[in-house]
Protein chains: 2
Amino acid sequence: MASERALKRQQLKQQLQDLIQQHAGGRLPPERELSERFAVARETLRRCLRELEEDGLLQRRQGAGTFVSGQPVVKQLQLMSFSEEMRERGLIPSSEVLSIKSLGANAKLASKLKLTPGAPLLELRRLRLADDEPMALETVYLVRDRLPAFDPEELREGSLYELLMQRFGLQIRSAQQQVQATVLTEEEAEALEVPPFSPSLLVERLVMTGGGEIIEFARSLYRADRYRFEVNVMRAPSSAPGEA
Amino acid sequence: MASERALKRQQLKQQLQDLIQQHAGGRLPPERELSERFAVARETLRRCLRELEEDGLLQRRQGAGTFVSGQPVVKQLQLMSFSEEMRERGLIPSSEVLSIKSLGANAKLASKLKLTPGAPLLELRRLRLADDEPMALETVYLVRDRLPAFDPEELREGSLYELLMQRFGLQIRSAQQQVQATVLTEEEAEALEVPPFSPSLLVERLVMTGGGEIIEFARSLYRADRYRFEVNVMRAPSSAPGEA
DNA sequence: CAGTGGTCTAGACCACTGG
DNA sequence: CAGTGGTCTAGACCACTGG
C-alpha cells in the first residue's frame, strides 16, 4: 500500500471531493461528462464514485443521477484513530489538549482495564475537531505500567497512536467498543458548542495490543448532529456447521 | 418487480464459491485462466474476486496469487433479528403491533431504498419488549414490489424475518446499520415508558437479500438505559507507514 | 526473468428514470 | 423518447513476487 506511485484514482478522488463541495445537496454532472472533463475512462471514474458512495458522500440512482448526500457517514470497519477516521471522511482533524494528569484507577476503571484499584494511570482529555469545528470530547486513560516511561507532556504534541506505535513500537491490534446514547451536561455541551442537554453518542473503547494486553480505555462524547456510527453486518450462512 | 435478470456476476460468484471449496487452504488458478474458463472478461471476474475478498473468503497478493482464506478471519457481527438478539442476551422477547399501513415512499425513503418516489411500501410499527419491559420502538418499511403479495395482517403474528425467509423463501443476507444518538419525543417516551426527552439510540437498518436487492428499511429507537451497541474492531494488518 | 495481481482504457449494450 | 447509471468486454500496460 505504501507506494509513491500516483494512482489516477487518488488524484481523481480529490477532485471529486472538491466537486462534491460545490454541488452540496444537489446532483453531480453525468458520468460521461465527468470522465471527459477529468480525462479518465468512465470505468475509472466509476470506481472513484463507488468508493465515495461507500464512504456515504454520494448516492447514485440508476437512470436518475448521482447525488450529494446530505450527511456523510463514517465507515467503522477498522480500528482507526480519530485523525485517520476524519481524514477518510475528507475532513481535517485537529485537537486541543484540555488536561493531562496522573491518577490512580478507581474501581470502575480498574475493572475495565483489568488492573488493581489504585494502579497508576495517565488521564488525557482532548477536544477533537474536524474542519475546526468541535466533533468530540475525549478522555483517554493510559495504563502506565504497561507502557514505557515517558514524559506526559509529550502527549501535547502529535498523535497518541503514533507515539504508542512508532516511538514505543507497540502493536495496537484490536478494540472493544460500546456505543450508547446519552445527554450532554452543560459543561460538555459548552465545550462542544451545542445547546445544553443535547443528545450525544457515547463511545467507550478498550484498546488491546497484539499480546491481548489492555493499554488504553477511552471515553468519547460525539456530537449527535455531526457523527453517526456505521456497522455493516452479514447474516450467518444457514449452511454453516454449528448453527442453532 | 422482482428483477429476474441474471447478472453474470451472481452466477460467477457461485461458481467461484464452489472452486474455493475445492481449493480449501490453497491457491486459486490465475485470473486470466479463470476468466477464460468461465468465459467472462477479466474485469468481471475481478469484481467477483474483490467481493469474495471483502467477505473474507479470499486473500489476494499482487505478484503472488489469490489464496483461499484459512477461515473467514474477522467473523463479522451477525445480522440478527430483535428476537434472536434478545434471546442471545438471555431476555425473553415479545412484540406489540402498533399499526400496519400502506403508503407511498417519500423522497427520503425512496432514496434509501433505491426506489422511485411514490413506490408502494408497507409500514409496520411495533413496540419491542424484553422480559415484558419496553426496549425499542421500531418502524419497518417493506418494499412491496420486491416481495410476494401477502395480506398485511399476517404481520400481526409471528416474526417478520420468519415470514420473509421461511414463507417467502427470501434470503436475507446483509444489512447496513447506522447508529445515532437522539432525544425521544413525548409520544415516543411514553410508549417506551421513560421520562420525556430521554436520550435514545437510533438505529437505522437497510436490509438486503443475497441478490443485493434492498427489501426493508427499519428505524428503531432503543432505550438508552437498556441498550448499548457493541462493536469489536481490528487494526488493519499493516498500516501504511506514512499514515499519521 | 516469467508470472501474478492492479490499473486503466474505449467502447458496447442494458435497465431504469422522468433531473 | 433522450438521458442516466449499471454491466461487461478485450486489450494494454504497470507493480510486485519468487508459487
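Quick note on labels: first sequence line is chain A, next is B, and so on, each numbered from 1.
- Salt bridge status for E33(B) with R27(B): absent, with no side-chain N to carboxylate O gap under 4.0 Å.
- For the atom pair CG of L122(B) and CZ of R144(B), the computed distance is 5.0 Å after rounding to the nearest 0.5 Å.
- At the phosphate of dG18(D), OP1 or OP2 sits under 4.0 Å from a side-chain N or O atom of R61(B).
- For R60(B) and dT7(C), the CZ to C1' distance is 12 Å, given to the nearest whole Å.
- In K114(B), the NZ atom is not crowded: 12 or fewer heavy atoms of neighbouring residues, nucleotides or ligands sit closer than 6.0 Å.
- Regarding contacts with the backbone of dG5(D), every side-chain N or O of K114(B) stays at 4.0 angstrom or more from both OP1 and OP2.
- If you measure from atom CD of E51(B) to atom C1' of dG6(D), you get 13 Å, rounded to the nearest angstrom.
- Within 4.0 Å (heavy atoms only), A119(B) reaches no atom of the nucleic acid at all.
- Atoms CG (L12(A)) and P (dT9(C)) sit 9 Å apart, rounded to a whole Å.
- As rounded to whole Å, 17 Å separates atom P of dC16(C) from atom CZ of F67(A).
- By the 4.0 Å N-to-carboxylate-O rule, K13(A) lies too far from E54(A) to be salt-bridged with it.
- Between E85(A) and R128(A), none of the side-chain N atoms (NZ, or NE/NH1/NH2) sits under 4.0 Å from a carboxylate O, so this pair counts as no salt bridge.
- For dG3(D), the OP1/OP2 oxygens have no side-chain nitrogen or oxygen of R32(A) closer than 4.0 Å.
- Heavy-atom neighbours of E154(B) CD from other residues, nucleotides or ligands within 6.0 Å: above the threshold of 12.
- Nucleotide dA12(C) holds its C1' atom 15 Å from the CD atom of E31(A), rounded to whole Å.
- At the heavy-atom level, A39(B) lies under 4.0 Å from the strands shown only through sugar-phosphate atoms.
- When the shell of 6.0 Å around CD of Q17(B) is examined, it contains more than 12 heavy atoms from other residues, nucleotides or ligands.
- In this structure, E36(A) atom CD and dT9(C) atom C1' are separated by 15 Å, rounded to whole Å.
- Residues from residues 41-50 of chain A with heavy atoms under 4.0 angstrom of DNA chain C, sorted by number: A41(A), R42(A), E43(A), T44(A), R47(A).
- Between L129(A) and I92(A) there is no side-chain heavy-atom pair separated by less than 4.5 Å.
- Atom-to-atom, CZ of R27(B) to P of dG3(C) comes out at 12 Å; the value is rounded to the nearest Å.
- One axis for each end of the helix from dC1(C)-dG18(D) to dG18(C)-dC1(D), each built from five base pairs, and the angle between them comes to 10° at 10° resolution.
- Rounding to whole angstrom units, CZ of residue F38(B) and C1' of dC8(D) are separated by 17 Å.
- In this structure, the side chain of T116(B) does not engage the main chain of A119(B) through any donor-acceptor pair within 3.5 Å.
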